[in-house]
J.: 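One structure, as structure tokens, below. Some questions next.
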Amino acid sequence: MPVRHEQLEVRTKGKGLYEITDDVQENIDRHGVRNGTVTVFVQHTSCSLLIMENADPTARRDLEEFFDQLVPEHTDYFTHGSHIRMALTRTSETIPIVDGNMQLGRWQGVFLFEHRRAPHRRKVSVTIIGEQL
Amino acid sequence: MPVRHEQLEVRTKGKGLYEITDDVQENIDRHGVRNGTVTVFVQHTSCSLLIMENADPTARRDLEEFFDQLVPEHTDYFTHGSHIRMALTRTSETIPIVDGNMQLGRWQGVFLFEHRRAPHRRKVSVTIIGEQL
Amino acid sequence: MPVRHEQLEVRTKGKGLYEITDDVQENIDRHGVRNGTVTVFVQHTSCSLLIMENADPTARRDLEEFFDQLVPEHTDYFTHGSHIRMALTRTSETIPIVDGNMQLGRWQGVFLFEHRRAPHRRKVSVTIIGEQL
């Protein structure tokens, strides 16, 4: 049961959620893995990972608004708001692969959560452990 | 070292923490896996996963109270409080299996954290990677 | 592809972040694993795990300050602040191993986040799945 490492580059244009579900699935398809797990890992400390509602965009706007209020920028003592928002969400998630597909719920999507205003190129590693059939 | 996929159905009766430790362990027992990992993955966007104190129920009540205050429902801008509470907790956890048992600390239990008031049937996938001895 | 279990003991001297990156990497080196994943799992309910900025100590102080304000101790209803801080951060993380090294970003370190004031001995399990080359 081999291990396969891939890396996504995600170009962000400021704060917010960027869906990467299809990019992760493409890597599973390319390797033909039918049965196993995929670990998604964000290699940064000022953006994070989130599995989140992907159908209703107002759910994502609410989330972004909530984090802006909970961790305001430019206050006296929080010069590192991006790191705090990262700490409150995720760095890695491990998702089952069943019959060649990530076993996500109906409304789940995989998102990079950017906490910086400026555009960035973000690296997300994708590690697939599993069996080809 | 094969991969085994199972799925739990958890019936919730409103907001709060529901322990699933024994249900996860039963699946490990049934497959006779002695050495490996188990990944628990919640397939929803309005409930989440948490490894939490399982001995003292007041710790769980405190947690539920904290989230109700941090993310109040029915405010002007948060119509998606469930999704925010989910984002602040977990979707997946990977737990070591040593000598056939999840290597949890003395006070750790695995919980589904329901964020909806109405009863729901929730799906939790359980993926076991490891060796039978 | 065997599974290897190790356990770290981390001695904490009060609240705050304690870096364990080198301790995790030493276990990977000792087993000579070149290609796989490592799962780090904290076996407690009053401390937690975090992958965090490791270069700038002010980022960590900001984070500690933020949590002290968000979850104050000694209030009427929060007698379990440690458990709430744990719930808001992480219990497990799975990190890719590529060419023998954890594939962390340039500024990422692995930290135990202690939420108790008194000194403690904390157990962190390290599970390595992968191939020796």
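Keep in mind that the numbers below use all heavy atoms, side chains included, and drop hydrogens, waters and symmetry copies. Each chain gets a letter, A, B and so on, in the order its sequence line appears, and its residues count up from 1.
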J.: Distance from C/I51 atom CD1 to A/S92 atom OG, nearest 0.5 Å?
T.: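 Between C/I51 CD1 and A/S92 OG, I get 6.0 Å after rounding to 0.5 Å.
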J.: Relative to chain C, which segment of A/S46 carries a heavy atom at a distance below 4.5 Å: side chain, backbone, both, or neither?
T.: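 A/S46 has no heavy atom closer than 4.5 Å to chain C.
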J.: Under 4.5 Å, heavy atom to heavy atom: which of residues 7-41 of chain C reach chain A? Give them by number, or say none.
T.: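 Contacts with chain A: C/N35, C/G36, C/T37.
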J.: Give, as side chain, backbone, both or neither, the part of C/D56 having an atom under 4.5 angstrom from any heavy atom of chain A.
T.: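 Interface part for C/D56: side chain.
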J.: Going by side-chain contact (heavy atoms from CB on, under 4.5 Å), name the residues that satisfy it together with A/A55, two or more places apart in sequence or in a different chain.
T.: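 Counting only residues at least two positions away or on another chain, A/A55 forms a side-chain contact (heavy atoms from CB on, under 4.5 Å) with A/E53, A/W107.
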J.: Against chain A, label C/L50 side chain, backbone, both or neither, depending on which of its atoms sit under 4.5 Å from a heavy atom there.
T.: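 For C/L50, the side chain is the part near chain A, not the backbone.
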J.: Any heavy-atom pair between the side chains of C/M1 and A/V3 that's under 4.5 Å?
T.: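 A side-chain contact exists here, since the closest heavy-atom pair is under 4.5 Å.
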J.: Decide yes or no on side chain to side chain contact (heavy atoms under 4.5 Å, CB included) for A/L70 and C/L70, but give the supporting numbers first.
T.: CA-CA 9 Å; A/L70 183 67; C/L70 183 67; 3.6 Å; yes
J.: Hey, does the side chain of A/H5 reach the backbone of C/I97 with a donor-acceptor pair shorter than 3.5 angstrom?
T.: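 Here the side-chain-to-backbone pair exists.
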J.: Short question: side chain of A/T45, backbone of C/Q108 - any donor-acceptor pair under 3.5 Å?
T.: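 Looks like no, no N/O pair under 3.5 Å.
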J.: Ignoring hydrogens, what is the shortest heavy-atom contact between A/P2 and C/E131? Give both atom names and the distance.
T.: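 Result for this residue pair: CA-OE2, 3.6 Å.
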J.: Examine whether an atom of A/I129 lies under 4.5 Å from a heavy atom of chain C, and if so say whether it belongs to the side chain, the backbone or both; otherwise answer neither.
T.: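 Contact with chain C involves the side chain of A/I129 alone.
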J.: Does any heavy atom of chain C fall under 4.5 Å from the side chain of A/V126, the backbone, both, or neither of them?
T.: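 Neither part; nothing is under 4.5 Å.
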J.: Are the side chain of A/R90 and the backbone N or O of C/E93 linked by a donor-acceptor pair below 3.5 Å?
T.: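 Such a contact is absent between A/R90 side chain and C/E93 backbone.
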J.: Take C/L104 and A/Q43 through the side chain to side chain contact (heavy atoms under 4.5 Å, CB included) test and state the conclusion after the steps.
T.: CA-CA 6 Å; C/L104 295 170; A/Q43 295 177 267; over 6 Å; no
J.: Atom NE2 of A/H80 and atom OG1 of C/T58: how far apart are they, to the nearest 0.5 Å?
T.: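 Going from NE2 on A/H80 over to OG1 on C/T58, the span is 3.0 Å.
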J.: Side chains of C/R106 and A/H44, heavy atoms from C-beta outward: is any pair under 4.5 Å?
T.: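 No - every pair of side-chain heavy atoms lies 4.5 Å or more apart.
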J.: Is A/T127 in contact with chain C via its backbone, its side chain, both, or neither, using a 4.5 Å heavy-atom distance?
T.: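 Just the side chain, heavy atoms under 4.5 Å.
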